[in-house]
Amino acid sequence: MKRAAMNLARRRVTLTLGAVGLAGTGAARAAMPAVTWPAAMTPLRGLTGADLSCDALDIEGNWPRELRGALYRNGPALYERDGQRYRHWFDGDGMVQAFRCDGRRVSHRGRFVRTPKFNAEQAAGRFMYPAFGTAIAGAKPMRSADEVNTANTNVVQHGGRLLALWEAGSATALDAATLDTRGPVTWRDDLAGMPFTAHPKVDSRGTLWAFGALTGSEKLALYEIDATGRLRRFALLPVPPVTMLHDFVVTERHLLFVLPSVRFDREQARAAGYLLGGFADAPGLPQRVLAVAKSDLATVREYELPPGFVFHFGNGWDDADGTIHFDMVLHSGADVMSEAMTALMRGETAAARSHSPRMARVALAPHSGRVRIELLPEAAEFPRVDPRRVGLRHRLLIAPVAIDSRHGFGFNAVQRLDIDSGRTDRYVWGDEYVIEEQLLVPRGADAREGEGWLVGTGFDVRRQVSFVSAFDAQRVAAGPLAIARLPYALPLGFHGNFVMS
């Protein structure tokens with residue numbers, strides 16, 4: 001296995017952006033389009049590359065005294081250089097946010113992750129490297145995935161390290177106190193530069209599970225990392241050709257991967273000048289579920305789901321009879337990744353209105369091979385559960401949702417769903433707010449599931465500033481206990497985690 005890993009590591013460049021000949025394309029330089037930004041979409045304009053800080057946010061209400069620690073978030077934040085603008089949300093350089101609360105005061109620090117790409121382009125004052133959804137004229141030849149690593153998707157703390165994550169390359173270590181960039185993480189010498197998911201899962205035993213997807217390959221890298229941050233196991237799993245694989249599910253006995261109804265054509269990507277140009281919906285192609293046994297990371301059972309597309313999952317668990325359950329956010333097709341997200345980067349909301357993701361509950365019966373899917377009514381994304389229930393039977397699912405939104409962009413409510421009873425506890429912020437991912441922070445190690453706070457960020461459209469809010473997780477409909485507003489707007493981010501102090 002170690003030799004196989006080394007061989008794959010040597011070939012990793014041929015399976016990423018450089019493989020499709022994007023480096024050094026002759027594509028014409030795309031001028032920055034004129035954009036008229038709706039008020040709700042100000043956070044997608046991006047920043048200039050400067051860091052941000054505020055020692056004391058303006059707090060409305062009473063911040064819970066027991067809620068002490070740091071909310072870390074990550075997302076793309078820089079989209080424009082030298083008159084050129086990225087055309088896709090995923091392309092922006094990552095900025096990690098830290099909202100620190102001591103029970104009375106909330107502060108903020110936002111720092112760009114100083115990846116090699118960010119440092120080189122900051123010095124040059126222009127884009128220099130291939131991007132996922134934008135053709136970059138005269139892009140430099142890419143020698144490794146980490147040369148284009150934007151570190152822009154998630155941030156987790158594990159084994160004493162704070163990690164900024166981007167799924168096509170290495171995790172990037174940060175200083176948890178200052179957010180200074182320490183550099184790429186190598187889990188083992190022969191795995192340097194291997195892809196490492198932006199969605200690792202920490203199970204109830206403290207083990208971190210992760211994967212690395214190599215677009216266009218038939219191998220999936222699997223990582224098992226113990227609570228101290230030491231690599232315990234690594235495996236290369238033969239799989240059907242990987243197209244888009246962003247997130248996965250962990251249960252007590254399985255790792256679950258859903259391959260969406262998407263095809264990837266390397267020649268089309270080369271002709272377009274960017275990786276996204278090679279992706280296309282395959283509406284007649286079923287989604288494939290790979291259930292990998294954690295015991296040996298080699299035994300795989302396949303299932304089929306109806307055609308569709310998925311970014312994110314809630315949680316999963318195994319029943320005593322062997323049935324595997326998981327929550328997923330179902331999109332109708334991959335055009336949400338192309339049409340909708342590129343439209344948003346032009347300040348347009350019309351394309352987003354036609355893409356309403358639905359929460360779905362899935363059950364896989366290994367003895368019969370039968371699959372059951374239940375669609376839930378609300379448009380939702382970014383689902384989260386009590387972190388202590390990852391891989392175990394859970395009852396509560398937290399997500400931002402869209403309720404009668406007029407501007408058709410983003411989410412305007414926060415919801416706690418009881419998946420057993422179907423009851424919802426929901427607070428609707430309304431169209432003057434854009435709501436981002438919400439986290440359930442347990443009151444303590446022995447608290448009941450759902451006993452604690454909901455903590456998350458959003459954008460105040462009327463004031464044109466960003467904020468972080470705290471709810472009593474058992475009384476969501478009562479509204480936020482506190483709203484801590486920044487004096488500025490942050491770019492819309494993707495994912496994060498709360499670390500108690």
Side-chain angles (χ1 to χ4, degrees), residues 43 46-57 63 67-79 90-103 105-123 146 148-167 169-186 196-200 202 208 229 387 436-437 439 441 455-459 465-468 470 484-501:
L47 301 175
T48 62
D51 297 330
L52 298 170
S53 65
C54 178
D55 291 336
L57 278 62
W63 193 268
L67 183 55
R68 301 167 181 263
L71 169 63
Y72 294 105
R73 279 185 54 76
N74 196 358
L78 192 151
Y79 305 115
F90 293 177
D91 290 341
D93 293 277
M95 173 183 260
V96 171
Q97 320 286 342
F99 294 89
R100 304 186 192 278
C101 44
D102 60 9
R105 188 182 65 172
V106 179
S107 65
H108 171 260
R109 178 187 293 264
R111 296 208 66 184
F112 278 95
V113 185
R114 266 61 177 185
T115 62
K117 172 189 179 296
F118 178 88
N119 288 336
E121 294 182 338
Q122 192 77 345
D146 278 346
V148 297
N149 191 336
T150 54
N152 71 357
T153 311
N154 200 356
V155 55
V156 303
Q157 184 165 290
H158 186 76
R161 288 190 288 198
L162 187 67
L163 305 175
L165 302 174
W166 177 73
E167 61 202 37
S170 301
T172 302
L174 308 177
D175 184 288
T178 65
L179 303 185
D180 288 345
T181 301
R182 290 179 171 170
V185 174
T186 300
F196 188 86
T197 179
H199 281 283
V202 179
L208 183 145
E436 299 184 278
E437 182 183 65
L439 309 178
V441 182
V455 179
T457 52
F459 176 64
V465 298
S466 298
F467 64 88
V468 58
R485 291 186 175 87
L486 287 158
Y488 40 77
L490 297 174
L492 293 180
F494 291 143
H495 305 290
N497 290 277
F498 194 94
V499 179
M500 293 288 282
S501 59

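All values derive from a computational prediction rather than experimental measurement.
- Residue pairs that meet the salt bridge (charged side-chain N to carboxylate O under 4.0 Å, His left out) test with at least one member in residues 488-501, sequence neighbours left out, do not exist here.
- Heavy atoms only, all atoms of each residue included: Ala484 and Trp63 are closest at CB-CZ3, 4.4 Å.
- Arg485 is linked by a side-chain hydrogen bond (donor to acceptor under 3.5 Å, both in side chains) to Glu60, Asp460, counting only residues two or more places apart in sequence or in another chain.
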Inset, instruction - Assess whether side-chain contact (heavy atoms from CB on, under 4.5 Å) is satisfied between Asp93 and Lys117, documenting all intermediate values. - result: CA-CA 9 Å; Asp93 293 277; Lys117 172 189 179 296; 3.0 Å; yes
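- The closest donor-acceptor contact from the side chain of Thr178 to the backbone of Asp180 lies under 3.5 Å.
- With sequence neighbours excluded, the residues satisfying ring pair (Phe, Tyr, Trp, His ring centres under 6.0 Å) with His495 are His199, His312, Phe382.
- Note that CG of Leu78 is 8.5 Å distant from CD of Glu121, once rounded to the nearest 0.5 Å.
- Closest non-hydrogen pair, Tyr488 versus Ser53, comes out as OH-C, 3.3 Å.
- Scored by the ring pair (Phe, Tyr, Trp, His ring centres under 6.0 Å) test, Phe467 finds Trp429, Tyr433 as partners (sequence neighbours excluded).
- When side chains are defined from C-beta on, Leu179 counts as touching Leu162, because their heavy atoms get closer than 4.5 Å.
- Within the 4.5 Å cutoff, the side chain of Val202 has no heavy atoms near those of the Pro387 side chain.
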Inset, instruction - Under the side-chain contact (heavy atoms from CB on, under 4.5 Å) rule, what do Leu174 and Val96 come out as? Steps first, then yes or no, please. - result: CA-CA 9 Å; Leu174 308 177; Val96 171; 3.7 Å; yes
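- Of all heavy-atom pairs between Val468 and Leu71, the closest is CG2-CD2, 3.8 Å.
- Every residue two or more places apart in sequence or in another chain that forms a side-chain hydrogen bond (donor to acceptor under 3.5 Å, both in side chains) with Gln122 is listed here: Arg81.
- Phe459 and Ser466 get closest at one heavy-atom pair: CD1-OG, 4.0 Å.
- Residues Thr172 and Leu163 are not in side-chain contact: their nearest non-hydrogen atoms beyond the backbone lie 4.5 Å or more apart.
- Scored by the ring pair (Phe, Tyr, Trp, His ring centres under 6.0 Å) test, Phe118 finds Phe112 as partners (sequence neighbours excluded).
- The salt bridge (charged side-chain N to carboxylate O under 4.0 Å, His left out) check on Arg182 picks up Asp175, with sequence neighbours excluded.
- Residues that satisfy the salt bridge (charged side-chain N to carboxylate O under 4.0 Å, His left out) test with Asp91, not counting sequence neighbours, are absent from this structure.
- Counting only distance, with no hydrogens or angles, the side chain of Asn152 and the backbone of Gly92 share a donor-acceptor pair below 3.5 Å.
- Met95 places a side-chain heavy atom less than 4.5 Å from the side chain of Leu47.
- Considering every non-hydrogen atom in both Asn154 and Asn74, the closest pair reads O-ND2, 2.9 Å.
- In this view, Arg114 and Asp51 satisfy the salt bridge (charged side-chain N to carboxylate O under 4.0 Å, His left out) rule, not counting sequence neighbours.
- Under the ring pair (Phe, Tyr, Trp, His ring centres under 6.0 Å) criterion, Phe196 pairs with Trp187, Tyr223, not counting sequence neighbours.
- Taken to the nearest 0.5 Å, the CG atom of Leu52 stands 6.0 Å off from the NE2 atom of His108.
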Inset, instruction - Decide side-chain contact (heavy atoms from CB on, under 4.5 Å) for Thr457 and Arg73; before the verdict, give the C-alpha distance in whole Å, the side-chain angles of both, and the deciding distance to 0.1 Å. - result: CA-CA 9 Å; Thr457 52; Arg73 279 185 54 76; 3.1 Å; yes
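- The closest side-chain heavy-atom distance from Val156 to Tyr72 is not below 4.5 Å.
- The closest side-chain heavy-atom distance from Asn497 to Gln157 is not below 4.5 Å.
- Contact of the Leu67 side chain with the Met500 side chain is registered, since non-hydrogen atoms from C-beta on lie closer than 4.5 Å.
- Sorted by first and then second residue, the salt bridge (charged side-chain N to carboxylate O under 4.0 Å, His left out) pairs involving residues 149-159 (not counting sequence neighbours) form an empty list.
- In this structure, Glu167 has no salt bridge (charged side-chain N to carboxylate O under 4.0 Å, His left out) partners at least two apart in sequence or on a different chain.
- Glu436 places no side-chain N or O within donor-acceptor distance of the main-chain N or O of Leu492, the cut-off being under 3.5 Å.
- Here the straight-line distance linking atom NE2 of His158 with atom CG of Leu208 works out to 4.5 Å at 0.5 Å rounding.
- The structure places CH2 of Trp166 at 8.5 Å from OG1 of Thr153, a figure rounded to the nearest 0.5 Å.
- Residue Ala171 comes nearest to Leu165 through the heavy atom pair CB-CD2, 3.4 Å, listed as atom of the first residue, atom of the second, then distance.
- The closest side-chain donor-acceptor pair between Asp146 and Ser170 falls under 3.5 angstrom.
- Using a 4.5 Å heavy-atom threshold, the side chains of Leu490 and Val465 count as separate.
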